[in-house]
Amino acid sequence: MLDKKFIRENPDQVRETFQKRGLAPDLEAFLSLEAKRLVLLQEVENLRARQNQASEEIGRGKREGRKPDPELTAGLRAASEQIKADQNSLAELEKESDRLILTFPNLPHASVPPGLDARDNPEVRRIGEPRKFSFPPRPHWEVGEKLGLIDLERAARISGSSFPLFTGLGARLERALIQFMLDLHTGEHGYREIAPPLLVNAETMTGTGQLPKFAAELYRVEDPELYLIPTAEVPLVNLHREEILKMEDLPISLAAYTPCFRREAGAHGRDTRGLIRQHQFDKVELVKFTTPESSYAELEKLVGHAEEVLKRLSLPYRVICLCTGDMGFASAKTYDLEVWLPGEGEYREISSCSNCETFQARRANIRFRSAEQAKPAFVHTLNGSGLAVGRTLVAVLENFQEEDGSVTIPEALRKYMGGLEKITA
RNA sequence: GGAGAGGUGGCCGAGUGGCCGAAGGCAAGCGCCUGCUAAGCGUUUGUCCUGGGAGACUGGGACCGUGGGUUCGAAUCCCACCCUCUCCGCCA
């Protein structure tokens, strides 16, 4: 969420920035609503001030044993009615203005490259050489099904299309990847491991920006009203909702493995084969709470932590910076990591690392106090996948497949696979 | 699921209609004192919104779990809901 006062005072800047993001939220409606709201607010507060004064007067009189003037209390009763009515209209205006501002996206950081869509995302760096195959590399679903690692047909029977089902060593490999990633981030990168709830309430979803705008993406449980998390970012960022953190505790770095649930409502027909796009997938997520001064340095570190997973698995990848037109709703700056998939002959997203600055902190009311005297200020929140586990498994299957259909297990994973070096049919 | 207790500032905790944004304590800041450490003395310290001022600052309003109600006036009375704790039952 943006600062209401900032929008009121810099409407031209905000309008221009929304255009750069390729979005046109209803800024004008918001501005006129706010103008009305402020006028009414002044009126109500003036009435209130007079009411308070008169009531104090009565109180003082009563203490001195005087009876209140019935004409005066009658007048006050009328004024009280007026205040109640005005307050109701004020609440209406406020509700509407809140509703609008919750649909406004974050403003991109000055360093974000301008652009319209994914084609304008500049590559920041490219690490690792794609392997030269002596045979045509197969897509991961062929490799995985032949080896008995995944069974998407049965998954569809159990749940419907686009649900995962890992079997045998496939399930073991998925678990090995989770373990490997968590050990790396908690053991070497200084993250604290969290195992959060997977069902969360509407306030939590609003805090990170999924609601109200992206309700169609979420699985919702009716009674009681709860939502399945689309990413661990949601419970992790909300871990400190409504809190004032101590400056000396920052940055706070959290890591969590969770399944993630997405309806993928707008993605019909995309990535229908294989494990790339699923309604349920595993992810190890990294989240940081930082001061405004350090958040961009921390973003670079966070990207480095996600990259380290790929490096240790010897998976070739590249880092891109999302342009203004391709960024997510809550983000001020985003880097994507894209892993090389030889079966597809493409780099595919495997991690997205964002600095949301104060956008989520303002929604979720997460602040910190610098000096003991200073006023609390909003923290910056950062999140990144470290990494998407299913897609990492895909990358392992495709990059380490052999001509005979077997898959060599990357060195770093072997201790999590009971020492196994190769998966064969 | 049943019974009971309770939700007040960074924390603990008092407050049952006006003198309460709220005693007292802890914690923290500043000053004094003190060979060091510790103690002591004095003093200050909530959040949000909105107006004035370049600014130090200052006027007004709101906030005692949430939302309603009664009243000239509510932390305090009434209603509903949420949450926490204890005991019992059930259960991975």
Side-chain angles (χ1 to χ4, degrees), chain A residues 1-10 30-102 195-207 221-227 235 238-250 252 259 289 358 361-379:
Chain A
M1 183 164 69
L2 305 175
D3 183 10
K4 278 189 180 177
K5 202 190 289 186
F6 178 84
I7 303 178
R8 290 201 305 260
E9 288 168 2
N10 307 278
F30 174 80
L31 289 171
S32 78
L33 214 55
E34 277 295 286
K36 265 190 247 165
R37 187 176 72 86
L38 287 189
V39 170
L40 188 57
L41 181 67
Q42 277 306 317
E43 275 175 34
V44 170
E45 292 196 348
N46 288 340
L47 283 173
R48 264 250 147 92
R50 254 179 283 156
Q51 183 189 39
N52 286 344
Q53 236 176 343
S55 290
E56 255 169 64
E57 192 65 41
I58 294 174
R60 212 172 309 130
K62 208 169 181 191
R63 246 170 289 134
E64 289 160 10
R66 275 182 279 121
K67 276 258 164 88
D69 176 2
E71 222 166 283
L72 178 67
T73 51
L76 282 172
R77 197 173 306 134
S80 178
E81 293 300 317
Q82 180 65 46
I83 289 172
K84 225 169 265 180
D86 285 356
Q87 252 180 335
N88 285 338
S89 350
L90 189 63
E92 283 297 312
L93 289 173
E94 204 162 335
K95 211 169 115 192
E96 187 59 14
S97 131
D98 285 347
R99 193 186 65 76
L100 282 173
I101 199 172
L102 283 174
L198 308 180
L199 282 161
V200 302
N201 58 34
E203 290 74 38
T204 296
M205 282 297 185
T206 307
V221 175
E222 273 294 323
D223 188 21
E225 186 193 337
L226 290 169
Y227 300 82
N238 278 280
L239 192 72
H240 291 300
R241 192 169 82 216
E242 307 288 343
E243 287 185 33
I244 298 176
L245 304 169
K246 286 194 208 125
M247 178 146 177
E248 57 264 34
D249 293 337
L250 301 180
I252 293 171
F289 301 84
T358 60
R362 188 170 273 117
R363 287 176 163 240
N365 198 23
I366 308 168
R367 293 171 292 172
F368 76 104
R369 203 187 297 273
S370 45
E372 204 52 48
Q373 303 281 10
K375 290 190 72 166
F378 290 112
V379 298

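Being a predicted model, the structure only gives us computed values, none of them experimental.
- Rounded to an integer number of Å, the gap from A:Q51 CD to B:A74 C1' is 12 Å.
- The C1' atoms of B:A27 and B:C36 are separated by 24 Å, rounded to the nearest whole Å.
- In this structure, A:R8 reaches the B:U50 phosphate: one of its side-chain N or O atoms is under 4.0 Å from OP1 or OP2.
- Looking at heavy-atom distances under 4.0 Å, A:K5 makes contact with sugar-phosphate atoms alone, never a base.
- The backbone N or O of A:N52 lies less than 3.5 Å from no partner atom in the side chain of A:S55, so there is not a single donor-acceptor pair.
- Here B:G73 presents its P atom at 17 Å from CZ of A:R60, a figure rounded to the nearest Å.
- Taken to the nearest 0.5 Å, the CG atom of A:L76 stands 5.0 Å off from the CD1 atom of A:I58.
- Side-chain atoms of A:Q42 lie closest to B:G51 of the nucleotides B:G46, B:A62, B:G51.
- Here A:R48 does not pair with A:E45 in a salt bridge; the nearest charged N to carboxylate O distance is not below 4.0 Å.
- For A:N52 and B:G73, the shortest distance from a side-chain N or O to OP1 or OP2 is not below 4.0 Å.
- For the strand RNA chain B, secondary-structure stems (runs of at least three Watson-Crick or G-U pairs, all distances below 3.5 Å) span B:1-7 with B:82-88, B:10-12 with B:24-26, B:27-32 with B:40-45, B:46-52 with B:57-63, B:65-69 with B:77-81.
- If you check every strand for non-hydrogen atoms under 4.0 Å, A:R367 touches sugar and phosphate atoms only.
- B:A3 and B:C81 are spaced 14 Å apart, taking the P atom of each and rounding to whole Å.
- B:G10 and B:A28 have their C1' atoms separated by 9 Å, given to the nearest Å.
- The number of heavy-atom neighbours closer than 6.0 Å to CD of A:E71, taken from other residues, nucleotides and ligands shown, is 12 or below.
- Between the CG atom of A:D249 and the C1' atom of B:G10 there is a distance of 12 Å, rounded to whole Å.
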Can A:T204 and A:N201 be said to form a side chain to side chain donor-acceptor pair (under 3.5 Å), step by step?
-> CA-CA 5 Å; A:T204 296; A:N201 58 34; 2.9 Å; yes
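- Among the heavy atoms of the strands lying under 4.0 Å from A:I58 is at least one base atom, whether or not backbone atoms are also near.
- Rounded to the nearest Å, the gap between the P atom of B:A14 and that of B:U70 is 32 Å.
- Taking atom CD1 on A:I244 and atom P on B:G46, their separation rounds to 12 Å, with Å as the unit.
- Among the protein residues, A:A49 comes within range of the sugar-phosphate backbone only, with heavy atoms under 4.0 Å from sugar or phosphate atoms but none that close to a base.
- For the atom pair CD (A:E243) and CG (A:D249), the distance works out to 10.5 Å, reported to the nearest 0.5 Å.
- Between the NZ atom of A:K4 and the CZ atom of A:R37 there is a distance of 4.5 Å, given to the nearest 0.5 Å.
- Nucleotides B:C72 and B:G15 are separated by 24 Å at their C1' atoms, to the nearest Å.
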Given the rule in the side chain to side chain donor-acceptor pair (under 3.5 Å) test, do A:N88 and A:E92 qualify, once you have shown the distances and angles that lead to the verdict?
-> CA-CA 6 Å; A:N88 285 338; A:E92 283 297 312; over 6 Å; no
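- For the pair A:R363/A:T206, a side-chain contact is recorded, criterion being any heavy-atom separation below 4.5 Å from C-beta on.
- At a non-hydrogen distance threshold of 4.0 Å, A:L76, A:R77, A:S80, A:K84 from residues 74-85 of chain A come into contact with RNA chain B.
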Distances for protein N or O near nucleotides 19-22 of chain B N or O, under 3.5 Å:
none

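- Comparing the P positions of B:U43 and B:U50 gives an interatomic distance of 36 Å, to the nearest angstrom.
- Between A:R367 and A:V379 there is no side-chain heavy-atom pair separated by less than 4.5 Å.
- Interatomic distance, CG of A:L250 versus CG of A:L245, reported as 6.0 Å (0.5 Å rounding).
- Counting heavy atoms from C-beta outward, A:V221 and A:L199 have side chains that approach closer than 4.5 Å.
- Here the separation of B:G40 from B:G25, taken at their P atoms, is 12 Å to the nearest Å.
- Atom C1' of nucleotide B:U47 and atom CZ of A:F378 are separated by 11 Å, given to the nearest angstrom.
- For the pair A:E242 CD and B:U47 C1', the interatomic distance rounds to 11 Å; values are reported in whole Å.
- Across the protein-nucleic acid pair, A:E94 atom CD and B:C48 atom P stand 16 Å apart, rounded to whole Å.
- With rounding to the nearest 0.5 angstrom, the CG atom of A:L31 is 12.5 Å from the NZ atom of A:K36.
- In this structure the side chain of A:N238 never reaches within 4.5 angstrom of the side chain of A:V200, judged on heavy atoms.
- Annotation: B:C20 and B:G9 have their C1' atoms spaced 13 Å apart (nearest Å).
- With hydrogens and angles ignored, a donor-acceptor pair under 3.5 angstrom links the side chain of A:E45 to the base of B:G60.
- A:K375 has its NZ atom 7 Å from the P atom of B:C49, to the nearest Å.
- Contact annotation for A:L38: backbone-only contact, meaning every heavy-atom pair under 4.0 Å involves sugar-phosphate atoms and none involves a base.
- Of the two residues near RNA chain B, A:K62 and A:R37, the one whose nearest nucleotide lies more 5' is A:K62.
- At the heavy-atom level, A:E57 lies nowhere under 4.0 Å from the strands shown.
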